[in-house]
Structures are given as C-alpha cells and as structure tokens.
Q: 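Can you keep this structure in mind? I'll have questions shortly.
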Amino acid sequence: MFRTLRRALCVAAALLLPLAGIQSAQADADAGVDARAGAGYWHTSGRQILDAAGQPVRIAGVNWFGFETDIHVVHGLWARDYKSMIDQMKSLGYNTIRMPYSDDILKPGAMPESINFDGKNTDLRGLTSLEVLDRIVAYAGQAGLKIVLDRHRPDAAGQSALWYTASVPESTWIAGLKSLATRYKGNPTVVGIDLHNEPHDPACWGCGDTARDWRLAAQRAGNAVLSVNPDLLIMVEGVQSYNGSNGWWGGNLMGVAQYPVQLDVPNRLVYSAHDYATSVAQQSWFSDPSFPANMPGIWDKYWGYIFKQNIAPVWLGEFGTTLQPAVDQKWLAELVKYLRSTSAYGADGFHWTFWSWNPNSGDTGGILKDDWQTVDTAKDGYLAAVKAPGFEGGGSGPGPGGPGDPGGGKAACSAVYTVSSDWGGGFNAEVKVTNTGTVPLTSWKVSWTWTGSQKVTSMWNATHTQSGATVTAVNAAHNGSVPAGGSASFGLSGAPGGGGVPSVSCTAA
C-alpha cells in the first residue's frame with residue numbers, strides 16, 4: 001500500500017481491549033520459547049524459523065521507516081536520539097526491526113537529512129546514510145534486536161508495482177541487494193532481506209512472463225543474495241492478484257501452492273504478506289455480514305495456508321490501522337488471535353512486524369504518538385499476546401559497525417509511563433525503569449513534565465519532588481540496583497485526572 005507521510009493527528013480513543021495483557025516470561029518459557037534463543041544466523045524448518053542452535057524463534061517487531069524517503073534516514077531523529085528509540089522498542093517487548101530503504105541510499109555519498117545533533121545523535125554527525133545504518137545495526141545488535149532490511153522503493157520518489165522501473169533496472173536492484181548482503185556478511189544482527197515491497201498489478205505470480213512474474217524475479221534476486229551471503233533469510237512478498245482473486249498489495253500468496261519459490265540454498269525462504277484495515281482502504285470482506293468471523297477464512301486463502309500446511313514460515317511484514325473505526329478494532333483483535341499467542345504456541349506461530357513505529361504514517365499512525373515519545377498504549381496492548389522473548393544482546397559481530405561497543409560500557413536506562421486508571425478527579429500511573437546499558441545500575445532518576453495542573457498525591461517504590469508541572473522521582477532503597485537488561489517499577493496517584501502521558505527521561509548511575 002502506498003502510504004503518504006503526512007503527520008497523523010489522531011488521538012487514540014479509550015478502547016476495551018479484548019486481548020489478555022502481556023504474558024509472563026514464565027508462561028513463554030512453559031510454551032517452549034527460550035528467552036536466550038536467537039543467537040547466530042537463522043534458517044527455516046517447515047513453518048518455523050530456527051536459530052543457529054536449532055531453537056525456534058519468533059519475529060515480533062515493528063517497521064521503522066525513513067531510509068526509503070527523501071531524507072535518506074529513519075524518521076524521528078529530528079526529535080530523539082536513535083539509541084533511545086531502540087531502547088524503547090526493546091523495553092516494550094519488540095525484538096525485530098523491519099528497516100525500509102530505497103536504492104538511493106546505496107548511491108555513493110548519499111547523505112541523511114533532518115537529524116538533530118543538539119545533545120543527541122552526536123555520533124552520527126558527518127556520516128553517510130549507509131554509515132548511519134551501520135550505527136543503527138550495531139546498536140540494535142548490542143540491545144538484542146534483529147533487523148530485516150526491506151527494499152521498499154527503487155528510489156525515494158515512491159513505491160513501484162514491479163521490482164524495476166525505467167530509471168532503476170533489474171540489474172541495479174540485484175546489485176543493491178548483493179551490496180547490502182555483502183556489507184553485513186558475518187553480522188547476524190541482520191538476519192534477512194525483504195526483496196521488494198508490495199509487488200502489485202501488473203505483477204503476476206507464475207505467469208511465466210519474465211518482465212512481470214514476481215515469483216521468477218524473486219528467485220533470481222534471492223539466489224543472487226545467497227551467492228554472496230548464504231546465511232541470510234530471503235523474504236518474498238506476494239502480489240496483488242492471482243487467478244481473479246484481488247487482495248492487498250503484496251498480500252496475495254495464493255500462487256505459492258502451484259508455483260513455490262525455489263532457492264539454491266535450502267531452508268532460507270520466508271514468505272511475507274501484508275494486511276490492513278479500513279483506515280488504509282476498504283475491502284469486500286469488511287462489509288460481509290459475518291465480519292469479523294469471516295476473516296480467518298480470508299487469511300487462510302491468501303497466505304495462512306502456507307503456514308498451516310507446513311510449507312514455509314509466514315511473516316506478516318506489515319499490518320496497521322489508526323484504530324479509530326470500530327471495524328478496525330475488531331479486525332485487529334481477530335488478526336492477533338489468528339497469529340497465535342506466544343503463551344499458547346511459543347514460537348510456533350506467524351511472524352510479524354507492525355506498521356509502524358513511526359507516528360507519521362498518514363493512514364495508520366504508529367506505536368508512538370506525534371511527540372515521538374509517548375506510546376499509544378491501545379495499539380501496543382492489542383499486540384501483547386503475540387509479542388515474544390527478545391534475543392541475547394552483545395557485540396554485533398563482524399561487518400560495519402560491529403567492532404566496539406556503541407554504549408561505551410556506561411550505565412543507561414529508559415522509562416515507560418503508563419496510566420493504569422483515570423476516574424476524572426484523579427488517576428493512577430505506573431513507571432517501568434529498564435536498564436538499557438551494559439553494566440548494573442546502582443541508582444536511577446526519572447523526570448517528566450505534565451502539560452496540565454496535575455500534582456502527585458502519593459508515590460510508592462520511589463520518592464519524589466515536584467516543582468510546578470515537573471516531577472523528579474528517585475529510586476527507593478530496595479530497587480535502585482538493577483542488572484543489565486533488568487527493570488524496576490514504581491507507581492503514583494495524582495489529581496486531577498485527564499492528563500496525557502508525558503515524555504519521560506531516565507538518568508542512571
């Protein structure tokens with residue numbers, strides 16, 4: 001789907017979430033998901049993705065777009081430091097980033113724009129777009145997040161139906177894929193490449209016309225990538241139409257049953273679909289009288305059968321919504337149930353990356369709200385049941401950005417503020433502090449500024465001072481020591497109610 005990049009000024013309504021809360025780590029362990037899984041490069045076995053030790057893993061992440069646009073870098077760096085964004089992704093329980101790019105960033109000397117270097121992103125100053133990508137890969141690897149590179153556009157001007165255009169031929173596309181595969185060879189933070197985003201009409205699947213047959217093109221490109229880096233996963237999206245059945249761009253994988261993609265290296269193929277709600281476009285199934293009960297049958301038809309027949313893993317590379325229409329809320333609840341909860345199935349489920357982390361996707365919005373800080377807790381809450389354990393962090397291995405520790409071995413922390421109840425005259429909130437550094441914390445301090453007249457009336461598991469609208473909370477004696485990767489929480493009551501979620505900062509010692 002072509003998404004405009006206008007700012008989405010949407011306010012998440014209070015929603016009755018039909019899903020269970022975040023499952024405990026013990027429940028995940030009981031379901032057979034090892035929190036230490038994910039080391040090394042990955043491969044496939046039937047419908048599962050396995051790590052280098054043969055342990056099953058589940059991709060459960062977000063899309064962070066921008067490298068495909070005319071500023072040639074992920075969006076939001078005008079507002080925040082890239083490390084704080086990655087830390088926040090991890091603190092929310094996401095374990096993978098799908099990173100869209102266009103071939104423009106592969107041109108010699110391509111430079112990023114709209115990066116704020118004033119006290120943030122200082123180590124990105126003067127770097128090319130690819131060098132910034134190197135830094136993001138390195139820090140993500142240290143934090144324990146994996147990255148899937150997504151060739152989203154041939155150039156920054158917009159998406160294309162086919163994998164090539166008049167100005168960007170197939171040879172350029174394949175050369176770019178091979179260049180990135182070579183660049184990150186030996187660095188298993190980058191676990192795969194999504195060959196081309198959302199092929200659509202006139203692209204076909206299995207028609208045999210080499211100028212339009214996406215399945216044949218994916219084989220050519222996938223084998224070219226594997227010829228230089230045989231360890232990568234090859235993600236192949238669907239098309240729009242197959243035998244008269246029309247679906248979402250990139251979301252129709254019906255042709256796989258008769259015309260599977262065949263790669264030279266076995267156990268490297270992952271099929272990828274996209275699926276959206278009415279905030280992106282109307283589809284006939286949304287107005288079916290049986291909606292949303294009809295949706296599992298729709299998903300089975302277009303892409304789910306690949307998983308259910310144990311043909312290959314299926315990754316829902318994009319799905320999203322503003323979550324404002326009631327029909328979209330029902331759609332997302334049904335979809336999350338279809339993807340199979342981690343508590344019940346462990347890693348034996350569909351893989352996914354939500355569109356998007358960014359708030360500035362005009363027809364979906366994002367996990368972050370427009371301030372690039374505050375979490376849309378309604379959207380994040382819907383995804384709780386299908387989040388999965390993270391992966392072991394550490395050096396990101398050989399390849400650009402690999403040597404050295406981007407965190408410098410320093411104490412660091414992040415904090416997430418959540419309103420747990422609001423009754424108009426007052427409210428309760430919880431703040432979770434996570435050690436995002438590589439050394440234990442001995443103490444921490446969290447600060448925020450409310451936009452209204454709220455005052456703290458009580459606080460537990462921390463002490464506080466308040467000056468005007470600014471609150472500073474310091475750990476209690478029993479929870480100041482936090483191991484690397486660990487967390488501590490404190491709570492508060494305040495009045496009056498109705499205050500928005502403020503941006504919070506965390507200082508570690």
Side-chain angles (χ1 to χ4, degrees), residues 8-24 79-80 84 87-89 91-94 321-324 326 329 332-333 357 359 365-385 387 413-434 444-480 482 487-507:
L9 301 176
C10 48
V11 179
L15 302 171
L16 295 174
L17 299 184
L19 303 174
I22 298 176
Q23 305 296 329
S24 69
R80 293 181 64 182
S84 74
D87 290 343
Q88 189 177 25
M89 291 174 193
S91 73
L92 291 171
Y94 300 107
T321 167
T322 61
L323 211 54
Q324 291 180 325
Q329 298 163 26
L332 185 53
W357 177 251
I367 294 296
L368 294 184
K369 295 188 177 182
D370 283 337
D371 61 2
W372 283 93
Q373 296 272 354
T374 307
V375 175
D376 187 325
T377 55
K379 287 182 181 178
D380 186 60
Y382 270 89
L383 301 173
K387 289 181 182 178
C413 61
S414 65
V416 178
Y417 179 115
T418 304
V419 176
S420 54
S421 59
D422 189 330
W423 55 91
F427 66 95
N428 289 326
E430 180 180 0
V431 181
K432 181 179 180 181
V433 176
T434 300
W444 47 261
K445 178 173 65 177
V446 175
S447 300
W448 67 86
T449 300
W450 280 311
T451 57
S453 58
Q454 286 76 24
K455 299 287 185 182
V456 176
T457 56
S458 64
M459 183 175 288
W460 50 96
N461 294 325
T463 58
H464 78 282
T465 57
Q466 182 166 355
S467 176
T470 299
V471 178
T472 300
V474 178
N475 61 273
H478 66 275
N479 63 357
V482 183
S487 61
S489 297
F490 65 93
L492 64 104
S493 295
V501 176
S503 299
V504 295
S505 63
C506 187
T507 304

Q: Please lay out, stage by stage, how Val501 and Thr418 fare under the test side chain to side chain contact (heavy atoms under 4.5 Å, CB included).
A: CA-CA 7 Å; Val501 176; Thr418 304; over 6 Å; no
Q: Less than 4.5 Å apart, any side-chain heavy atom of Val504 and any of Val416?
A: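 Contact flag for Val504/Val416 side chains = no.
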Q: Taking the side chain as every heavy atom from C-beta outward, state whether Lys432 and Ser489 have any atom pair closer than 4.5 Å.
A: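 Of all side-chain heavy-atom pairs linking Ser489 with Lys432, at least one is under 4.5 Å.
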Q: Going by distance alone, is a donor N or O of one side chain under 3.5 Å from an acceptor N or O of the other, for Tyr382 and Asp376?
A: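 Their side chains do not contain a donor-acceptor pair, so the 3.5 Å distance test is not met.
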Q: Minimum heavy-atom separation for Gly497 and Asp422, please, with both atom names.
A: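 Scanning both residues completely, I find the closest heavy atoms to be CA-OD1, 3.5 Å.
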Q: Drop me the distance from Ser503's OG to Lys369's NZ, to the nearest 0.5 angstrom.
A: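 Those atoms lie 11.0 Å apart.
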Q: Identify the two heavy atoms, one from Lys445 and one from Val474, that lie closest to each other, and give their separation to 0.1 Å.
A: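 It is CG-CG2, 4.1 Å.
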Q: Indicate yes or no: at least one non-hydrogen side-chain atom of Trp450 is less than 4.5 angstrom from one of Gln466.
A: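 Yes, side chains in contact.
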Q: With rounding to the nearest 0.5 Å, note down the distance linking OG in Ser493 to CZ in Phe427.
A: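 That separation rounds to 8.0 Å.
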Q: Taking the side chain as every heavy atom from C-beta outward, state whether Ile367 and Tyr94 have any atom pair closer than 4.5 Å.
A: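 Yes, at least one pair of side-chain atoms sits under 4.5 Å.
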Q: Under 4.5 Å between any side-chain heavy atoms of Trp423 and Asn428, yes or no?
A: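 They are in contact (side-chain heavy atoms under 4.5 Å apart), so the answer is yes.
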Q: Any chance you could measure Thr463, atom OG1, to Asn475, atom CG, to the nearest 0.5 Å?
A: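 So the OG1 of Thr463 and the CG of Asn475 are separated by 7.5 Å.
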Q: Taking C-beta and beyond as the side chain, do Ser84 and Ser414 meet within less than 4.5 Å on heavy atoms?
A: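 A side-chain contact is absent here, since even the closest heavy-atom pair is not under 4.5 Å.
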Q: Atom OG1 in Thr374, atom CD in Gln88: separation rounded to 0.5 Å?
A: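 Reported to 0.5 Å precision, the distance equals 8.5 Å.
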Q: Only one of Gln454, Met459, Glu430 passes side chain to side chain contact (heavy atoms under 4.5 Å, CB included) with Leu492; say which it is.
A: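 Running side chain to side chain contact (heavy atoms under 4.5 Å, CB included) over Gln454, Met459, Glu430 with Leu492 returns exactly one hit, Met459.
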Q: If I compare all heavy atoms of Thr457 with all of Gly494, which pair ends up nearest, and what's the gap?
A: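 Of all heavy-atom pairs spanning Thr457 and Gly494, the closest is OG1-N, 3.6 Å.
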Q: Is a donor on one side and an acceptor on the other found under 3.5 Å between the side chain of Lys379 and the backbone of Thr321?
A: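 Present.
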Q: Any salt bridge between Asp380 and Lys387, counting N to O under 4.0 Å?
A: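 Result for this pair is yes, salt bridge flagged.
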Q: Heavy atoms only: give me the nearest Leu323-Gln329 pair and the separation to one decimal.
A: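 Taking Leu323 first and Gln329 second, the nearest heavy atoms are O-NE2, 3.2 Å.
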Q: In terms of the angle between their ring planes, are Trp444 and Phe490 parallel, tilted or perpendicular, with boundaries placed at 30° and 60°?
A: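 Rings of Trp444 and Phe490: parallel, under 30°.
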